[in-house]
Amino acid sequence: MRLSHYFLPTLKENPKEAQIASHLYMLRAGMIRQSSAGIYSWLPLGFKVLKKIEQIVREEMDRAGCQELLMPTIQPAELWQESDRYDDYGKEMLRITDRHDRNMLFGPTNEEMITDIVRGSIRSYKDLPKNLYHQQWKFRDEVRPRFGIMRGREFLMKDAYSFDIDAEGAKRSYNKMFVAYLRTFARMGLKAIPMAADTGPIGGDLSHEFMVLAETGESEVFCHKDILEFDIPDESTDYQADLQPLVDKWTELYAVTDEKADQAEHAKLGDDLVTARGIEVGHIFYFGDKYSKAMGATVVGPEGKDILIEMGSYGIGVSRLVGAIIEASHDDDGIIWPEAVAPFKVGIINLRAGDDACDAACEDAYAKLQDAGVEVLYDDRDERGGAKFANMDLIGLPWQMVIGPRGLKDGKIEIKNRASGEKAELSIEDALSKLIG
RNA sequence: CGGAGCGUGGCGCAGUCUGGUAGCGCACUUCGCUGGGGGUGAAGGGGUCGUAGGUUCGAAUCCUAUCGCUCCGACCA
């Protein structure tokens, strides 16, 4: 992509409403634009990142055996009346009336809707287990939206729902999601720690929030320091195998959010205790037959009797992750994208647009990178070097390829790694092979 | 939902107290110099001052209402 053609409205000055790094940089880097309180448009650069995150989530969900579908944003009130949540949800639920005076709502989540789909289509225990998910926009009419897309009213969420014939099956489904989440966040360059969360009326230990540690996190979290060093399960993880030992390893050490904090445990841990702030990027939950019971979702069991389906739900804040990644990875100059989610891998800076040698070298590098399938943003504008450097640092592409007359005299260009700041003077060929390889 | 504050070109702000026909910086357009970390000179374009009523000869400025947005606290992917 040529920057001269790209819609990238960056800002030199700080918008006054931005209080935290992710909000500030998303606005300044031209990733998002506010429409109204807690509601944003995603501009090309931000949208690209959002799609990358969505794709990683998709790959890891599919790998764990889930199936993607897509449910509507607008739901009928009747479904929510069945589960009694129509009244319980309160003002956070955006209620809408259609032209026939039917009560509708913009979905804040989809337990009722998925339960409705499954109860109408699955009759036998032989059809279970199933895990269905979608990545769809949700709306929660937050009293006080803030921090940009981190706490918006409209947000993109991946929500998966598991269906099993008994609690043991549900636990297996839960464990798969647990492991899939570890992998998903790690692939985005994040360290997300699973922490014991409130389970509500169900009880037990089957609810975890995945927290990214960051200074600007909204809640205080506590964990054993060793958990920060755990290895992430690799690609070859067999989701059909017994994952319990793996989950046990991750859950036996102390790791909790503030509402579950235990002072006695803190005293016992001493220097091993890590106290930090966390951003909730995922939440997995087993809730048994709460919805299947209320909505009559049953299958015929092996003995020919109806049994209630055991369910769990598993959320990932896809749009929030964009902010969380920036919170975890930025400096005073701007964003530092982990390669897996970067909108482009390489940014080419032409230091003297209009100079024949510079233009030719840039065009050549641009074409070769593109041919090799590398996503590249070419700053071909007639701007001063300083402005281009500042802009490129701001949008945070992992690699910068700096091509100017000074180096070109000796057949050299510079590549800079945004994360480490390391610069190297190389021949164009060497630079290309390094970036393509 | 309680508390505080702000709405003036795309962005950041001054002007409001003390009414007199709108200004600054950045950005933008054209031209020149410049050219490896947001350079510089000249010339330009762009705003019914959130909206609606009222007071006044005259309202960005005073009064009333209303809408929007932000921040602090209680709640949440």
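Both backbone and side-chain heavy atoms feed into the values below; hydrogens, waters and symmetry mates do not. The structure displayed is predicted, hence computed values, not measured ones. Letters A, B, ... are given to chains in the order of the sequence lines, protein chains preceding strands, and every chain is numbered from 1.
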Q: Can you label the angle between the A/Phe139 ring and the A/Phe106 ring as parallel, tilted or perpendicular, going by 30° and 60°?
A: tilted

Q: Check the pair A/Lys290 / A/Glu111 against salt bridge (Lys or Arg N to Asp or Glu O under 4.0 Å), numbers first and verdict last.
A: CA-CA 10 Å; A/Lys290 177 175 177 187; A/Glu111 277 86 2; over 6 Å; no

Q. Looking at the side chain of A/Lys12, which of B/rG25, B/rG36, B/rG39 is the nearest nucleotide?
A. B/rG39

Q | Residue matched to B/rG23 through Watson-Crick or wobble contacts both under 3.5 angstrom | A | B/rC13

Q: Kindly confirm or rule out a cation-pi arrangement of A/Arg381 over A/Tyr6, judged by NZ or CZ under 6.0 Å from the six-membered ring centre and within 45° of its axis?
A: no

Q: Answer with base, sugar-phosphate or nothing: what part of the nucleic acid does A/Glu13 contact at a heavy-atom distance below 4.0 Å?
A: base

Q: Rounded to the nearest angstrom, tell me the gap between atom CD in A/Glu383 and atom C1' in B/rC28.
A: 12 Å

Q: Determine whether the aromatic ring centres of A/Phe178 and A/Trp250 lie less than 6.0 Å apart.
A: no

Q: Determine: side-chain N/O of A/Arg144 to OP1/OP2 of B/rC71, distance under 4.0 Å, yes or no.
A: yes

Q) Less than 5.5 Å between centroids and less than 30° between ring planes, does A/Phe389 satisfy that with B/rG36? A) no

Q) Given that both distances must come in under 3.5 Å, which nucleotide forms a Watson-Crick or G-U wobble pair with B/rC62? A) B/rG54

Q | Spacing between A/Asp141 atom CG and B/rC75 atom P, to the nearest angstrom | A | 18 Å

Q) When you check the phosphate oxygens OP1 and OP2 of B/rU70, does a side-chain N or O of A/Gln34 lie under 4.0 Å from one of them? A) yes

Q) Roughly how many Å is it from CZ in A/Arg352 to C1' in B/rG37, rounded to a whole number? A) 15 Å

(Q) If you define the side chain from C-beta out and look only at heavy atoms, does anything of A/Trp337 sit under 4.5 Å from A/Arg418? (A) no

Q: Could you work out which one of B/rC6, B/rA77, B/rU34 sits closest to the side chain of A/Lys16?
A: B/rC6

**Q.** Heavy-atom donor-acceptor pair, A/Asn14 side-chain to B/rG12 base, under 3.5 Å
**A.** no

Q. The side chain of A/Ser319 lies closest to which of these nucleotides: B/rA77, B/rG38, B/rC75?
A. B/rA77

Q. Checking all strands, does A/Ile316 fall into the base, sugar-phosphate, or nothing category for heavy-atom contacts under 4.0 angstrom?
A. sugar-phosphate

Q | Atom-pair distance (CD on A/Glu142; P on B/rC75), nearest Å | A | 12 Å

Q: Identify the nucleotide, in any strand shown, that forms a Watson-Crick or G-U wobble pair with B/rC33, with both distances under 3.5 Å; if there is none, say none.
A: B/rG39

Q: Remember a base hit wins even if backbone is also touched, and classify A/Asp159 as base, sugar-phosphate or nothing at under 4.0 Å, heavy atoms.
A: nothing

Q) To the nearest Å, how far apart are A/Arg28 CZ and B/rC11 C1'? A) 11 Å

Q.
Considering every strand and a 4.0 Å limit on heavy-atom distances, what is the contact class for A/Lys91: base, sugar-phosphate, or nothing?
A. sugar-phosphate

Q. Mapping A/Arg33 and A/Pro405 onto RNA chain B by nearest heavy atom, which one lands closer to the 5' end?
A. A/Arg33

Q | Whole angstrom value for the distance that separates C1' of B/rG38 from CG of A/Asn391 | A | 9 Å

Q | Any strand: nucleotide that pairs with B/rG45 via Watson-Crick or wobble, under 3.5 Å | A | none

Q | Toward the 5' end of RNA chain B, by each residue's nearest nucleotide, A/Gln400 or A/Ala18 | A | A/Gln400

Q. Below 3.5 Å, does any donor atom in the side chain of A/Asp382 face an acceptor in the base of B/rG35, or the other way round?
A. yes

Q | Separation of atom CG in A/Leu8 from atom P in B/rG10, rounded to whole Å | A | 20 Å

(Q) Could you identify the nucleotide paired to B/rG68, looking across every strand shown and requiring Watson-Crick or G-U wobble geometry with both distances under 3.5 Å? (A) B/rC6

(Q) Please classify the nucleic acid contact of A/Gly90 as base, sugar-phosphate, or nothing, using heavy-atom distances under 4.0 Å. (A) nothing

Q) Which part of the nucleic acid, if any, lies within reach of A/Leu11 when heavy atoms closer than 4.0 Å are counted: base, sugar-phosphate only, or nothing? A) nothing

Q: Answer whether the closest heavy-atom distance between the side chains of A/Asp333 and A/Phe389 falls below 4.5 Å.
A: no

Q: Select base, sugar-phosphate, or nothing to describe what A/Val281 touches, counting heavy atoms under 4.0 Å on all strands.
A: sugar-phosphate

Q) Between A/Tyr181 and A/Phe210, is the ring centre distance below 6.0 Å? A) yes

**Q.** Check: B/rU34 base within 3.5 Å donor-acceptor of A/Arg384 side chain
**A.** yes

Q) Rounded to whole angstroms, how far apart are CZ on A/Arg381 and P on B/rG38? A) 14 Å

Q: Sort out the partner of B/rC1 for me: Watson-Crick or G-U wobble, both distances under 3.5 Å, none otherwise.
A: B/rG73

